[in-house]
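Written below as C-alpha cells is the structure these notes are about.
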Amino acid sequence: MGFMKLKKNKKFNYQPRYYKGDGNPFELKHKFDEHRTSISPAKGIKGKFSAAIDDYKHNPDDNVNKRVIIIVAVLILLFLFIIDFDLSIFLPQS
C-alpha cells in the first residue's frame, strides 16, 4: 500500500488556431501600461503616493495640473458646504 505508483498529470499545450502574434494571447495588459510610471511592483502606500506626486510634479502639461487643482478646490468647497462649515471665520470682522 505504501509503494503505489502515482499517476502523472497530463500536460495540455493549447495554441490558438488563428493567433500569429508574439507573446501570450491570454495575457491581460492595459493599452497604456508601458507609458505609466505609477504601475510598478507593489511598493506600499508610501511608495505609491510618492510616485504619484513625482508624476504630478514632472507632468509637462501645466493645464492638467491647473485642472486638477481646480477640481480639488471645488470638491473641498462642496464638502465644506455639505457639513455646514462657516466660511465667515476667514473673512475680516467689520
Side-chain angles (χ1 to χ4, degrees):
M1 240 196 223
F3 297 107
M4 288 178 37
K5 187 174 182 182
L6 298 175
K7 270 176 72 175
K8 295 248 182 187
N9 291 336
K10 293 181 181 178
K11 292 185 179 179
F12 183 68
N13 250 343
Y14 175 74
Q15 185 174 2
R17 182 184 296 181
Y18 300 109
Y19 180 71
K20 302 282 190 241
D22 295 330
N24 186 1
F26 303 109
E27 180 182 5
L28 298 176
K29 188 174 180 183
H30 290 100
K31 191 174 186 180
F32 300 108
D33 277 353
E34 57 269 0
H35 304 292
R36 295 179 184 156
T37 57
S38 59
I39 57 161
S40 53
K43 299 181 269 185
I45 189 83
K46 183 180 177 185
K48 290 179 184 178
F49 186 71
S50 63
I53 294 294
D54 288 341
D55 284 349
Y56 180 73
K57 285 182 180 177
H58 297 93
N59 190 1
D61 192 6
D62 289 334
N63 292 332
V64 174
N65 291 344
K66 291 177 187 175
R67 190 176 309 132
V68 168
I69 290 172
I70 291 171
I71 291 171
V72 168
V74 167
L75 289 175
I76 289 173
L77 287 174
L78 185 66
F79 172 73
L80 292 176
F81 179 73
I82 289 172
I83 64 168
D84 289 334
F85 185 75
D86 190 14
L87 292 175
S88 65
I89 63 171
F90 298 114
L91 299 175
Q93 299 291 333
S94 335

With sequence neighbours left out, what residues match Leu78 under side-chain contact (heavy atoms from CB on, under 4.5 Å)?
-> Ile82

Which residues share a side-chain contact (heavy atoms from CB on, under 4.5 Å) with Ile69, sequence neighbours left out = Tyr56

Return the set of residues passing side chain to side chain donor-acceptor pair (under 3.5 Å) with Asp86 (not counting sequence neighbours), or none when no residue passes.
-> Ser88

Partners passing side-chain contact (heavy atoms from CB on, under 4.5 Å) against Leu91 (at least two apart in sequence or in another chain) = none

Joint cluster assignment, Ile89 & Ile83, ILVMFWY side-chain distance < 4.5 Å | yes

Using side-chain contact (heavy atoms from CB on, under 4.5 Å) as the criterion, list what pairs up with Leu77, not counting sequence neighbours.
-> Leu87

Do you reckon Phe79 sits in the same ILVMFWY cluster as Val68, going by side-chain contacts under 4.5 Å, direct or chained?
-> yes

